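Computed from heavy atoms alone, side chains included, the values below leave out hydrogens, waters and symmetry copies. Keep in mind that what you see is a predicted model, and the values were worked out from it rather than measured. In what follows, every chain begins at residue 1, and chains take the letters A, B, ... in the order their sequences are listed.
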Protein chains: 2
Amino acid sequence: MSEPSTKRVTIAAVARRAGVSPSAVSHVFNGRPNVSEATAARIRAAADELNWRPNLASRKVSGGGGRSLGLVIARSRGTFGRDPFFMRLLAGLTEPLAELGWSLSLTLVRPDEDEEQLYRQWWGEQRVDAFLLVDVRDDDPRLALVEQLGAPAALLGAPVPGPVASVTVGDGTAFAEAVEHLAGLGHRSVTRVTDAPGLAHTRARDERFREAALTRGVRAEVAAWDKAADDPVADLLGRLGESTAIIVDSETVAAEIVAHAPEVGVRVPDQLSVIAWEDSWVSTIVRPRLTAFDAPVEESARAAVALLERLVRGEDAAPQTVSGRRLLVRESTAPAPNNREESP
Amino acid sequence: MSEPSTKRVTIAAVARRAGVSPSAVSHVFNGRPNVSEATAARIRAAADELNWRPNLASRKVSGGGGRSLGLVIARSRGTFGRDPFFMRLLAGLTEPLAELGWSLSLTLVRPDEDEEQLYRQWWGEQRVDAFLLVDVRDDDPRLALVEQLGAPAALLGAPVPGPVASVTVGDGTAFAEAVEHLAGLGHRSVTRVTDAPGLAHTRARDERFREAALTRGVRAEVAAWDKAADDPVADLLGRLGESTAIIVDSETVAAEIVAHAPEVGVRVPDQLSVIAWEDSWVSTIVRPRLTAFDAPVEESARAAVALLERLVRGEDAAPQTVSGRRLLVRESTAPAPNNREESP
DNA sequence: TTGTAGGCGTTATCAA
DNA sequence: TTGATAACGCCTACAA
């Protein structure tokens, strides 16, 4: 294997080859204006020939660039893997990150593990320079933690009280739209199905939903998805009361409901209309295809990166709202069944 | 919040607090045996109180630990996002990586971008210490590239000629099993549906498939999935000839076929049996549920990490085969239709 | 068992 | 416009 790692090429080698001092090379590669165009060109050529690039670790040590974003996802492999949202998030993160030259450091921790420890570690090691917080819960200890550490951080989701900046997808008119759509189809009672109850955005959404329903004369209920139940779909459907339509926080759950409902005797959309609060390709491979809200995940990712970049530079950054949630009407919503009318 | 970022705490601070020299601290944190248990405890206590951890960048500069694995995925956001395999891969990677204290640096590049450039950059910057190669194609330029760079690398998928180590999921008996299963159901002609034609494992699989079919008196065909077609499913089904069963490389494609086939007049599994070569939760939310091969993705990920770790330490590592692909019979396979029997 | 000194590759400061 | 020189925070000989 011909000893490939003879010696790593350094800035000194480039300097020697260009007949200048290391600092000149540094200047050129950091866009400082005090180098003549001629020598700059010579330096760049030398670097190219040697295929040299500034060592990231060294830059970090000497205070320079080389930033990296930490994303810690506290989910089991299973619940991570079955949420297409994360694919979109990751994909959306990489592009703006690449533009900045930042790395993305990703890890999963099991929900029962001590994730705070990990934040401490990554920050302490200076492995990352900022955190993106997802799945933020009410009273999430990470909020105080990043504050205490002094780590730049932003959360994706509903804003929470406190100084941690947030990037929110503007739900402004979404519930109104959804309820409007359903009311137009004759539904008089709608249940909102929440996935993980503790999440910070749940309460805000509940309120919006209730408000939207109220002003349209639609009855609003809320039910929690119980994944621990023997047959979660049957369990949920059994708790629906008079509702003829549901709005489901999680797309995965919506897909499961739509797929499984017929097998427990409920036809979608004939007997039950279903709207998913998130959208991905999954919505189109279940039958009936899911009527869903397409959220601007990629844009949120970009906004979050931009926000964190500002924070890292020491500027302070205001909370961001990204708008663009739009209802994609597909096949899982239909006129309300008449036969439910008499039901108490 | 009491000025948190006054000054980053360093090894010197810890040393001072413990009343020792910096090197003593270093020794303790690098597991060297030349420190008495008493002072080691004192040092650890001091580090704890100061909440200090060795700066990763500094360790890297001074040749120490702090490794990081590079994963560059050359896919569009869309094709990345709709492949559950990557979720499993990422999830599977994080655990062994965390055990080693390695970071995972992830990025997506568009297929038309110069991905080699990125490998060069990451390696040159020493942003990563090893690469994991996925979606390896015949004659993949990255193989020569990592060799030239002297970068430790391993590929996930079929072994390729050359010195780059590979982690392969042993397909040994998988095709035999699949064909056996289908032959047992009366199928006499089976088509293998390939996703991306250039991938390195395609040819190997083709051969295995043909062989397995031959020895069981089943006719073997191969057809490529044409995602550019107006209606890819209809297009594919139109090219199936006598085949009453298909084995589909990509789970996503299989899901799409199963979902869409009835809409173009083909009932699954009555008229067509479908087997997916990969498995994830998606297999269970389409109807009929997909009969699929469950591949040990997490184990492969772990094997790849272990292999790369050895490579980085300078040991050389043999190609690995991870076994455990097993057929999960669900609802998308059924007895072959009779009406096809008369056909020669 | 502990501490000192030098080096890792880069950036920043300041003099030439 | 350039180039010494001193950090940056840690690790590893080697000396005490």
Side-chain angles (χ1 to χ4, degrees), chain A residues 5-44 46-47 50-68 101 121-127 129, chain B residues 5-44 46-47 50-67 101 121-129:
Chain A
S5 54
T6 22
K7 206 68 182 181
R8 225 75 189 221
V9 26
T10 75
I11 198 173
V14 176
R16 235 174 293 124
R17 192 171 223 285
V20 296
S21 78
S23 38
V25 180
S26 176
H27 288 161
V28 171
F29 273 78
N30 290 51
R32 310 201 168 239
N34 7 338
V35 177
S36 77
E37 199 30 71
T39 53
R42 227 168 58 247
I43 289 173
R44 257 188 283 272
L50 262 39
N51 218 301
W52 173 83
R53 280 177 190 74
N55 179 316
L56 211 65
S58 301
R59 302 184 81 169
K60 274 190 165 156
V61 174
S62 69
R67 306 307 186 172
S68 142
Q121 184 191 325
W122 280 19
W123 180 251
E125 295 174 338
Q126 296 179 55
R127 185 187 295 250
D129 307 279
Chain B
S5 55
T6 22
K7 205 69 181 180
R8 222 81 186 218
V9 25
T10 74
I11 198 174
V14 177
R16 236 174 292 123
R17 191 170 226 286
V20 297
S21 79
S23 49
V25 180
S26 175
H27 288 160
V28 170
F29 273 78
N30 291 54
R32 315 214 156 227
N34 9 335
V35 176
S36 77
E37 200 29 71
T39 54
R42 227 168 58 246
I43 289 173
R44 258 188 283 271
L50 263 39
N51 218 301
W52 173 84
R53 279 175 192 75
N55 177 315
L56 212 65
S58 300
R59 305 184 76 171
K60 274 191 166 154
V61 174
S62 66
R67 306 308 186 172
Q121 184 192 326
W122 280 18
W123 180 251
E125 296 174 337
Q126 296 179 54
R127 185 187 294 251
V128 300
D129 306 280

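- Here dT12(D) is the nucleotide among dG3(D), dT11(C), dT12(D) with the atom lying nearest to any side-chain atom of H27(B).
- The phosphate of dT11(C) has OP1 or OP2 within less than 4.0 Å of a side-chain N or O from N30(A).
- The NZ-P distance, from K60(A) to dA12(C), rounds to 16 Å in whole Å.
- Contacts of S36(B) with the nucleic acid, taken as non-hydrogen atoms under 4.0 Å apart, involve only primed sugar atoms and P, OP1 or OP2.
- Scanning all heavy atoms of the two residues, the minimum distance from T10(B) to W52(B) falls at C-NE1, 3.5 Å.
- At dT1(C), none of the side-chain N or O atoms of T39(B) fall inside 4.0 Å of OP1 or OP2 (strictly under the cut-off).
- Nucleotide dT2(D) holds its P atom 19 Å from the CZ atom of R16(A), rounded to whole Å.
- A straight line from CZ of R42(A) to C1' of dT2(D) spans 11 Å, rounded to a whole angstrom.
- The minimum heavy-atom distance between S26(A) and I11(A), with the atom names listed, is N-CD1, 3.8 Å.
- Residue V20(A) is in sugar-phosphate contact alone, with no base atom involved, counting any heavy-atom pair closer than 4.0 Å across all strands shown.
- Residues L50(B) and V9(B) come closest through the heavy atom pair O-CG1, 3.8 Å.
- Separating the CH2 atom of W52(B) from the C1' atom of dG9(D) is a distance of 9 Å, rounded to the nearest angstrom.
- If V35(B) and L56(A) are placed on DNA chain C by their nearest nucleotide, the residue sitting closer to the 5' end is V35(B).
- Taking 4.0 angstrom as the limit, S62(A) places none of its side-chain polar atoms (N or O) nearer than this to OP1 or OP2 of dT10(C).
- Following rounding to the nearest Å, R53(B) (CZ) and dG9(D) (P) show an atom-to-atom distance of 17 Å.
- If you check distances only, the side chain of T10(B) never reaches the base of dG9(D) with a donor-acceptor pair under 3.5 Å.
- Taking atom CD1 on I11(A) and atom P on dG3(D), their separation rounds to 12 Å, with Å as the unit.
- Between dT10(C) and S58(A), no contact under 4.0 Å exists linking OP1 or OP2 to a side-chain N or O.
- Regarding contacts with the backbone of dT12(D), a side-chain N or O of R32(B) is found under 4.0 angstrom from either OP1 or OP2.
- Atom CD of Q126(B) and atom CG of N55(A) lie 4.0 Å apart (nearest 0.5 Å).
- Atom pair Q126(B):CD and dC10(D):P shows a separation of 19 Å (rounding to whole Å applied).
- For R59(B), a side-chain nitrogen or oxygen approaches OP1 or OP2 of dC11(D) to under 4.0 Å.
- You'll find a donor-acceptor pair under 3.5 Å spanning the side chain of S23(B) and the base of dT4(C), going by distance alone.
- Going from atom CZ of F29(A) over to atom C1' of dA12(C) covers 18 Å, rounded to whole Å.
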### Query
Passes side chain to side chain contact (heavy atoms under 4.5 Å, CB included), K60(A) versus D129(A)? Steps please.
CA-CA 10 Å; K60(A) 274 190 165 156; D129(A) 307 279; 4.1 Å; yes
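- Relative to the side chain of V61(A), the nucleotides dC10(D), dG9(C), dT11(C) differ in distance, and dG9(C) lies closest.
- Between the side chains of R53(A) and N51(A), at least one donor N or O sits under 3.5 Å from an acceptor N or O.
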